[in-house]
Amino acid sequence: MRRQVDTSVGMAAVAPLVALLVATGAPAAAAAPATPVVALQAPPPSGEPEDVEPAALPAASATPAQVEEERLTPPSPSPDAGGARQATSPDPLKLVAVTWTGPAPQVVELRSRLVTGLFGPWTRVDPVDTERDGKRSASTGTEPVWVDDSREVQVRATTNGQPVTQRVALTSIDPGTSSNDARIATAAVTPGGATGSPSSPNVVTRAQWGADERLMTWAPEYTPTVRAVTVHHTAGTNAYTAAESAAIVRGIYTYHARTQGWGDIGYHVLVDRFGTVFEGRAGGLARSVIAAHAGGFNRETFGIAMMGDFTSVAPPAPTLEATAQLAAYKLGGLYRDPAANVTLTSTGGGTSRYPAGRAVSLPAVFAHRDVGATECPGNTGVRSMPTIRSRTTTLVGNLASYPIRQKWLALRSVLAEPSVVESPTARSGRVTRFSGSNGAVYWSSATGAQAVYGVINTRYDALGAASSPLGLPRTDEKAASDGRGRYNQFEAGSIYWTPQTGAWPVRGPILNRWAQLGYERSSLGYPKGDQRAVTGGQRQDFERGYLRLNTATGAVTVNS
């Protein structure tokens with residue numbers, strides 16, 4: 001075992017600062033700044049899978065969605081059609097939304113002809129109550145409504161009691177079909193949740209529900225962490241079949257990405273009335289990705305949309321259970337207490353209830369109407385919030401029992417906030433990624449919870465992280481005995497770093513021989529490259545020489 005040395009925590013990510021401290025004789029532990037370095041737009045980490053269980057489905061083959069602006073004409077005389085205009089199509093209209101330019105009408109209603117041959121009741125449709133921060137389109141519209149195979153839709157709009165229907169248009173979206181639409185009805189069933197660092201329910205991925213990724217023009221934008229979950233409803237019909245759910249998701253995706261001009265769907269996930277979970281915003285399941293679901297509060301929140309209109313009809317039990325499981329997965333995996341309140345700061349915007357800069361205290365699981373000028377998620381949806389919150393809290397369980405969380409709290413000044421949910425990794429381990437210092441904490445029953453960060457973690461990721469020959473870390477990052485470098489020990493080797501040499505792994509017989517010589521205090525100094533194949537064996541270069549392994553004999557020779 002490596003001898004015991006200083007166990008104080010440093011910041012290998014801040015190489016120039018460490019070099020300056022070493023040059024001036026300051027102790028290595030002083031390298032950790034009071035305010036951690038936080039990367040707001042960091043790329044997704046490599047080396048580790050997301051803790052997301054995809055549904056047992058192949059990738060879908062889907063036909064492209066078709067978007068059209070329907071011609072509106074005066075309808076046939078009807079006693080309740082005052083001020084209305086009608087779209088008539090030879091093809092099913094599927095998903096429709098009322099759109100406009102300029103000021104929004106105060107009231108917008110629509111209805112569609114049913115299979116009985118009669119028009120259904122007039123239904124009020126709200127303006128889109130989601131918003132991509134700083135990217136509002138010149139035109140806007142209502143939430144989309146699923147009218148299935150209806151070929152006739154009537155629309156009416158008023159402002160101050162006066163008809164303004166002549167200012168609106170009807171957009172129809174045919175989401176096409178996919179090879180998985182019928183399969184999803186039977187293959188994507190939400191399993192029961194388990195307490196303690198809960199895994200996600202099975203998710204129908206974008207590839208499985210048939211997302212047309214050519215519409216995805218909004219590259220993932222990252223926020224340091226997620227502190228709360230926002231619950232929505234889509235405000236569409238409740239009368240859809242399980243085989244139609246994926247088509248509705250494709251339609252909403254097309255409407256948000258193309259018609260609204262966001263470049264992707266606004267929600268992180270969507271849950272249908274059968275408890276099926278659909279992946280939404282690209283990259284947003286395990287990672288802290290900004291979406292367009294709660295204007296002014298899109299950062300540090302995770303948006304779950306219950307598919308349906310829950311103004312007067314209660315969300316079905318499978319929907320509530322899947323919503324709670326998702327909330328538990330996100331909050332528990334980031335060590336947030338679902339029963340607590342959090343403080344979020346508004347960025348403002350057209351749909352926000354609060355101006356930019358206003359700090360607002362909110363439940364960790366809150367309804368969209370708590371922050372937005374909207375009825376979402378409907379009156380019965382709001383009445384279901386205590387049920388969702390209570391179930392989420394039960395699923396998360398006792399946060400004090402999470403070993404990675406305990407390590408994070410001890411090193412929070414360095415690691416900052418959790419940014420990727422705790423996930424399984426190779427060698428029966430688990431890992432959580434953090435927003436500060438390129439940090440990660442790994443845990444297994446054999447190694448405990450250990451932190452890797454900075455340049456050493458960059459090298460570890462490049463080698464394959466827990467899947468690499470090094471295995472899992474068995475120490476936090478430590479200061480080397482000469483005060484010049486830093487290192488982590490792993491199950492099958494170590495990574496050493498200095499500002500002059502960079503971070504390099506040392507393992508196997510070469511590590512054993514270097515240890516016999518005195519590690520970094522030996523005549524060789526620190527490694528300055530990885531092991532590489534040479535004739536008859538392996539060679540690793542150090543600052544003042546190299547070690548050569550003869551693979552036939554196992555002998556390691558010193559060349560200095």
Side-chain angles (χ1 to χ4, degrees), residues 54-55 57-71 87-99 112 128 130 132 135 137-153 169-185 187-188 203-220 234 236-237 240-270 272 276-285 289 291-293 305 307:
L57 295 164
S61 173
T63 57
Q66 302 295 320
V67 182
E68 295 184 7
E69 184 171 309
E70 302 295 334
R71 182 169 176 261
T88 303
S89 171
D91 302 309
L93 290 168
K94 298 295 185 182
L95 191 77
V96 299
V98 180
T99 56
S112 60
V128 169
T130 52
R132 179 176 172 184
K135 297 287 184 180
S137 174
S139 63
T140 188
T142 66
E143 295 288 356
V145 177
W146 183 253
V147 296
D148 198 9
D149 289 336
S150 179
R151 289 172 166 81
E152 293 178 84
V153 171
L170 186 73
T171 297
S172 68
I173 300 169
D174 182 349
T177 60
S178 99
S179 55
N180 278 345
D181 287 356
R183 296 172 181 163
I184 287 171
V203 174
V204 180
T205 66
R206 293 167 67 95
Q208 290 173 335
W209 57 254
D212 183 350
E213 298 296 0
R214 292 171 298 181
L215 301 179
M216 213 292 286
T217 59
W218 182 9
T234 60
T237 180
Y240 56 87
T241 67
E244 291 173 328
S245 294
I248 295 173
V249 174
R250 287 194 302 272
I252 294 173
Y253 168 57
T254 302
Y255 183 66
H256 285 181
R258 180 171 164 183
T259 307
Q260 292 297 318
W262 299 342
D264 200 357
I265 198 167
Y267 309 111
H268 288 99
V269 283
L270 301 92
D272 75 5
T276 306
V277 177
F278 295 86
E279 179 184 10
R281 173 81 171 102
L285 286 170
V289 170
H293 65 99
M307 293 169 59

### Task
Apply the test side-chain contact (heavy atoms from CB on, under 4.5 Å) to residues Thr234 and Leu270: give CA-CA distance (whole Å), side-chain angles for both, the deciding distance (0.1 Å), then the verdict.
CA-CA 9 Å; Thr234 60; Leu270 301 92; 4.3 Å; yes

### Message
With side chain to side chain donor-acceptor pair (under 3.5 Å) as the test, pick out the partner of Ser245 among Thr276, Asp272, Asp181.
### Response
Asp272

So do the side chains of [X] and [Y] get within less than 4.5 Å of each other, counting heavy atoms only?
X: Val203; Y: Leu285; value: yes
X: Ile248; Y: Pro175; value: no
X: Thr140; Y: Gln260; value: yes
X: Glu279; Y: Pro54; value: no

Where the side chain of [X] meets the backbone of [Y], is there a donor-acceptor pair that is under 3.5 Å apart?
X: Arg250; Y: Gly210; result: no
X: Glu68; Y: Ser172; result: no
X: Arg206; Y: Ala211; result: no
X: Arg151; Y: Thr88; result: no
X: Gln208; Y: Leu57; result: yes
X: Thr99; Y: Gly141; result: no

### Query
Does Trp218 have Arg281 sitting over its ring (NZ/CZ under 6.0 Å from centre, angle to axis within 45°)?
yes

### Message
For Ala207, give me all partners under side chain to side chain contact (heavy atoms under 4.5 Å, CB included), at least two apart in sequence or on another chain.
### Response
Ala59, Thr205

#### Entry: Results of side chain to side chain contact (heavy atoms under 4.5 Å, CB included) for Asp148 - residues two or more places apart only
Lys94, Trp146, Glu244

Between [atom1] on residue [X] and [atom2] on residue [Y], distance to nearest 0.5 Å:
X: Trp262; Y: Thr259; atom1: CH2; atom2: OG1; result: 10.5 Å
X: His256; Y: Leu215; atom1: NE2; atom2: CG; result: 13.0 Å
X: His293; Y: Ile265; atom1: NE2; atom2: CD1; result: 12.5 Å
X: Met307; Y: Tyr240; atom1: CE; atom2: OH; result: 4.5 Å

### Task
Flag the pair Arg258 and Asp212 as a salt bridge only when some basic side-chain nitrogen lies within less than 4.0 angstrom of an acidic carboxylate oxygen.
no

Kindly give the heavy-atom pair with the smallest separation between [X] and [Y], and that separation in Å.
X: Thr254; Y: Ala65; answer: OG1-CB, 3.5 Å
X: Ala282; Y: Pro220; answer: O-CG, 4.0 Å
X: Gly251; Y: Leu95; answer: C-CD2, 3.4 Å
X: Ala243; Y: Ala182; answer: CB-CA, 4.3 Å
X: Ala246; Y: Ile184; answer: CB-CD1, 3.6 Å
X: Ala55; Y: Val204; answer: CB-CG2, 4.1 Å

### Task
Apply the test side-chain contact (heavy atoms from CB on, under 4.5 Å) to residues Val145 and Val153: give CA-CA distance (whole Å), side-chain angles for both, the deciding distance (0.1 Å), then the verdict.
CA-CA 11 Å; Val145 177; Val153 171; over 6 Å; no

### Message
Working note: Asp174 + Asp91, criterion side-chain contact (heavy atoms from CB on, under 4.5 Å); need CA distance, chi angles, decisive distance, verdict.
### Response
CA-CA 9 Å; Asp174 182 349; Asp91 302 309; over 6 Å; no

#### Entry: Trace of the side-chain contact (heavy atoms from CB on, under 4.5 Å) decision for Tyr253 with Met216
CA-CA 9 Å; Tyr253 168 57; Met216 213 292 286; 3.6 Å; yes

